[in-house]
Amino acid sequence: MKKQNITLSILLMNLFIAFLGIGLVIPVLPTIMNEMNLSGSVVGYLVAAFAVAQLIVSPLSGRWVDVFGRKRMIVIGLLIFSFSEFLFAIGNTVEILFISRILGGVSAAFIMPAVTAFIADITTLESRPKALGYMSAAINTGFIIGPGLGGLLAEIGPRIPFFAAAGLALFTAILSTITLREPERNHQEQKEEVGARKPGLGRIFVPMYFIAFIVIFITAFGLSSFESLFSLFVDHKFGFTPKDIAIIITGGAIVGTIAQVALFGRLTNKWGEIRLIRYCLIFSAILVTAMTVVESYAMILFVTIVIFIGFDLLRPAVTSYLSRVAGNEQGFVGGMNSMFTSIGNVFGPIVGGILFDINLNYPYYFAAMVLMAGIAVAMVWKEPKAQAEHALEELK
């Protein structure tokens, strides 16, 4: 148990450092955009390039994690990420920036399945949800600290955060090589997962999964069009500096993480995942629309920080629902969750970027409309009867 905890701590620390590196660069994107005279649509395509690469490579990397090992895929992914950030730091052409983002997507496709599989190998079925919760916390904490640190580094120079991200990723790759040992596989669980994959992609249309997958796509589509252009929106509309953007994103991430820890379990127990998802969609749609009418710095800060509560409760609620109903099909629903999220992340920034060039507010109107479509879908979503009965038996 002690050895397992040490390994998990090292793994989570490496994950934290990697996502700290990703968060570092967020506040300086508008500065790079202005420096290179890039349009909103180009920035949307840059964000989409990351998601497209991740979407294409993820099915292959999932197999490679089993063939070549968890540790090797983590280290290779970190090295690719380090190189991608270095390219963005020195890139003076759009082509170099696109190559950087594509490599970034490949690195994400390598790292996340490998880390998830690594955690599954070193935990039991009982302890795994808690460990995966720690993994989510490590990622969120990296995102919380990253933008704030990136905003401070940007005061030195707009390219410094990218060099810092590259250095951190390289350090993490070396640390992983030295400290991590390839875990032993749980062959029994592997057999169960193989059996779960036999039905194929037709399982997508099973009622207890299908609406959840549609909600995942709709929310990823709408929220990515909001999030990917947020820094450009406040830069162009309100003249926010990288430090201002860092303060808002960091504040929002902190509030969202606190809400996740303090409220998620209680609200899920009180309402269940489906009702919580409905309320979060309504909450998010209202606040996204409010972003187009607020004007004072204090109101922008308030609305932006509060909106993260809806986002950070919505995503784990869908994941929690799928995990609960999946039984021995955890691998299948995890892969489909990633796939539908990636598809939404591909098209959301592209549409948002095109609309941004027409009018600054249009991506937010669009995001609100997409979220309202999600509300309509969630309203007809019902708890699977068999699962509801099983849950009642467990409560008894």
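Throughout, numbering of the chain's residues begins at 1 and tracks the sequence. Computed over heavy atoms, backbone and side chain alike; hydrogens, waters and symmetry mates excluded.
- F86 and F163 have perpendicular rings, their planes meeting at more than 60° on a 0 to 90° scale where under 30° would count as parallel.
- More than 12 non-hydrogen atoms from other residues, nucleotides or ligands lie less than 6.0 angstrom from CZ of R275.
- Residues passing the side-chain hydrogen bond (donor to acceptor under 3.5 Å, both in side chains) test with S176 are N14, sequence neighbours excluded.
- Every side-chain hydrogen bond (donor to acceptor under 3.5 Å, both in side chains) that D357 has, sequence neighbours left out, goes to S41.
- Linking Ile, Leu, Val, Met, Phe, Trp and Tyr residues whenever their side-chain heavy atoms come within less than 4.5 Å places I218 and F366 in a single cluster.
- Classification of the F110-W64 ring pair by plane angle, with boundaries at 30° and 60°, yields perpendicular.
- With sequence neighbours excluded, the residues forming a side-chain contact (heavy atoms from CB on, under 4.5 Å) with L103 are I80, F83, S84, L87, I99, listed by chain and number.
- Aromatic ring pairs are classed by plane angle as parallel below 30°, tilted from 30° to 60° and perpendicular above 60°; the pair Y365 and Y362 is tilted.
- Listed by chain and residue number, nothing satisfies the side-chain hydrogen bond (donor to acceptor under 3.5 Å, both in side chains) test with K382 (two or more places apart in sequence, or in another chain).
- Cluster annotation: F213 is connected to V215 through the hydrophobic network of ILVMFWY side chains, with a link wherever side-chain heavy atoms come within less than 4.5 Å.
- The list of salt bridge (charged side-chain N to carboxylate O under 4.0 Å, His left out) pairs with a residue in residues 250-260, not counting sequence neighbours, is empty.
- Between I300 atom CD1 and F240 atom CZ the span is 4.0 Å, to the nearest 0.5 Å.
- Under the rule for a side-chain hydrogen bond (donor to acceptor under 3.5 Å, both in side chains), the partners of E35 that lie at least two apart in sequence or sit in another chain are R159.
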